[in-house]
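Only one structure is covered here, and it is reproduced in the block below.
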Amino acid sequence: MSDGGVVMHEVRGRTMLITINRPEKRNALDRQVRSAFLEAIAAARANDAVRAIVVTGAGDKAFVAGADIGEFEGRTTVEQWRVMKGATIFDAVERCPTPVIAAVNGYCLGGGMELALSCDIRLASASARFGQPEVNLGIIPGGGGTQRLPRIVGLGAALKMILTGEMIGADEALRLGLVDEVLEPAALLDRALALAETIASKSPVAVAAAKEATRAALNLPLDDGLKLETALFQLCFASDDRAEGVRAFLEKRAAQFTGK
Ligand code: COA
């Protein structure tokens with residue numbers, strides 16, 4: 001368990017809870033947060049006991065209110081380019097074989113929205129507010145927003161958010177398919193952890209393969225995607241988890257998956 005830093009992480013059951021902890025700055029992503037977040041994801045990946053991840057923001061105001069705007073001041077284009085070319089929190093989440101659930105508990109703006117878009121499942125508190133306000137600053141989304149948002153909500157809804165910079169509430173986000181569930185603020189984290197624990201109870205081999213195959217659907221032509229699905233199916237079929245899962249079903253007992 002890590003405590004008190006700008007990104008805290010702790011293992012609860014088989015789930016790692018990652019909390020971005022800069023509430024006085026609405027959990028804005030500065031260099032320190034980004035680097036600590038990458039370390040937290042690496043820690044989850046390195047720990048076989050962690051089978052799901054929940055990401056949330058500290059406090060009751062924000063999930064993440066975007067990139068730290070203060071860091072833009074005085075930064076050269078080349079410096080900014082280096083930041084964006086390096087390992088990003090968005091790719092780290094998307095490529096993490098362990099599923100990542102966003103528990104969006106307040107403002108979810110700019111890079112915060114892009115972080116949520118990179119997650120596999122998004123839950124929102126009824127008070128959450130979503131937006132891509134970059135045009136207000138004379139920039140565009142740079143953490144994947146122009147690419148991932150239209151893939152999730154469709155081109156029209158994505159353009160409306162990105163071109164106007166206006167925020168939408170949790171109910172509108174649910175209507176658009178931007179979030180998967182809306183909960184009362186007090187119930188959000190418990191629901192996210194329960195969902196994570198459901199995923200954690202499945203075969204980690206199958207879950208990782210399912211994430212990779214399903215995400216590939218948006219990147220690959222159908223024939224290539226179907227080939228990848230078949231290859232990953234075969235990988236699962238050869239696993240101890242498949243043998244255990246099938247045996248447990250036939251013996252009418254709960255499966256004990258080992259991830260092998
Ligand atoms: N970067 C840096 N600091 C930020 C920030 C960001 N993205 N978002 C909020 N903060 C800081 C504020 O500057 C303020 O700092 P201060 O107390 O030292 O003055 C503190 O967080 C609280 O913000 P405040 O605006 O007073 O809170 P609020 O609850 O009234 O409003 C927001 C919250 C998120 C609506 C508002 O802060 C905002 O619009 N932030 C910028 C969002 C944005 O454009 N993100 C995209 C960046 S590319």
Side-chain angles (χ1 to χ4, degrees), residues 4-8 18-38 55-94 102-119 122-150 152-153 157-173 176 178-179 182 184-186 188:
V6 288
V7 175
M8 302 187 296
I18 300 179
T19 306
I20 299 175
N21 185 33
R22 240 188 132 204
E24 72 288 355
K25 293 287 181 188
R26 302 298 180 262
N27 301 321
L29 302 167
D30 66 358
R31 179 191 293 262
Q32 225 189 329
V33 171
R34 290 194 309 271
S35 136
F37 187 89
L38 287 173
V55 177
T56 196
D60 58 1
K61 296 214 166 66
F63 173 68
V64 170
D68 189 306
I69 298 170
E71 284 192 346
F72 291 155
E73 180 84 349
R75 189 184 269 169
T76 67
T77 300
V78 172
E79 285 163 354
Q80 181 61 28
W81 178 68
R82 286 204 186 101
V83 168
M84 293 170 75
K85 288 295 280 179
T88 71
I89 60 172
F90 316 108
D91 290 345
V93 165
E94 196 170 76
V104 179
N105 56 318
Y107 288 113
C108 180
L109 305 174
M113 172 94 159
E114 291 167 307
L115 178 59
L117 293 173
S118 304
C119 292
R122 283 163 292 283
L123 307 185
S125 84
S127 59
R129 309 269 297 155
F130 298 81
Q132 295 282 180
E134 287 85 351
V135 286
N136 294 323
L137 302 170
I139 52 176
I140 66 171
T146 64
Q147 304 305 301
R148 292 192 181 101
L149 185 57
I152 292 171
V153 302
L159 280 168
K160 189 175 172 200
M161 291 187 76
I162 291 169
L163 297 180
T164 65
E166 280 177 5
M167 291 188 218
I168 62 169
D171 287 341
E172 176 70 352
L176 294 176
L178 174 56
V179 300
V182 175
E184 284 311 309
L188 176 69

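Order of appearance sets the numbers: ligands from 1, and atoms from 1 within every ligand. In this chain, numbering begins with 1 at the start of the sequence shown.
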Where the side chain of R122 meets the backbone of V104, is there a donor-acceptor pair that is under 3.5 Å apart?
no
With distance as the sole test, does E114 use its side chain to make a donor-acceptor pair with the main-chain N or O of F90 at under 3.5 Å?
no
Should we say atom CD of Q32 is surrounded by more than 12 heavy atoms from elsewhere, each under 6.0 Å from it?
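No, CD of Q32 has 12 or fewer neighbouring heavy atoms, counting only those of other groups under 6.0 Å.
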Over 12 non-hydrogen atoms of neighbours within 6.0 angstrom of CZ in R75:
yes
S118 OG to R148 CZ distance, which is reported to the nearest 0.5 Å
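If we round to the nearest 0.5 Å, S118:OG and R148:CZ are 4.0 Å apart.
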Which heavy atom of N27 sits nearest to which heavy atom of V64, and what is that distance?
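That closest heavy-atom pairing would be O-CG1, 3.3 Å.
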Between ligand 1 and the protein, tabulate every N or O atom pair separated by less than 3.5 Å, reporting distance only.
unit_1: ligand 1; atom_1: 1 (N); unit_2: A67; atom_2: O; d: 3.4
unit_1: ligand 1; atom_1: 1 (N); unit_2: I69; atom_2: N; d: 2.9
unit_1: ligand 1; atom_1: 7 (N); unit_2: A65; atom_2: O; d: 3.0
unit_1: ligand 1; atom_1: 7 (N); unit_2: A67; atom_2: O; d: 2.9
unit_1: ligand 1; atom_1: 15 (O); unit_2: K25; atom_2: NZ; d: 3.3
unit_1: ligand 1; atom_1: 18 (O); unit_2: K25; atom_2: NZ; d: 2.6
unit_1: ligand 1; atom_1: 21 (O); unit_2: E24; atom_2: O; d: 3.4
unit_1: ligand 1; atom_1: 27 (O); unit_2: R26; atom_2: NE; d: 3.3
unit_1: ligand 1; atom_1: 27 (O); unit_2: R26; atom_2: NH2; d: 3.2
unit_1: ligand 1; atom_1: 29 (O); unit_2: R26; atom_2: NE; d: 3.1
unit_1: ligand 1; atom_1: 29 (O); unit_2: R26; atom_2: NH2; d: 3.3
unit_1: ligand 1; atom_1: 45 (N); unit_2: A65; atom_2: O; d: 3.0

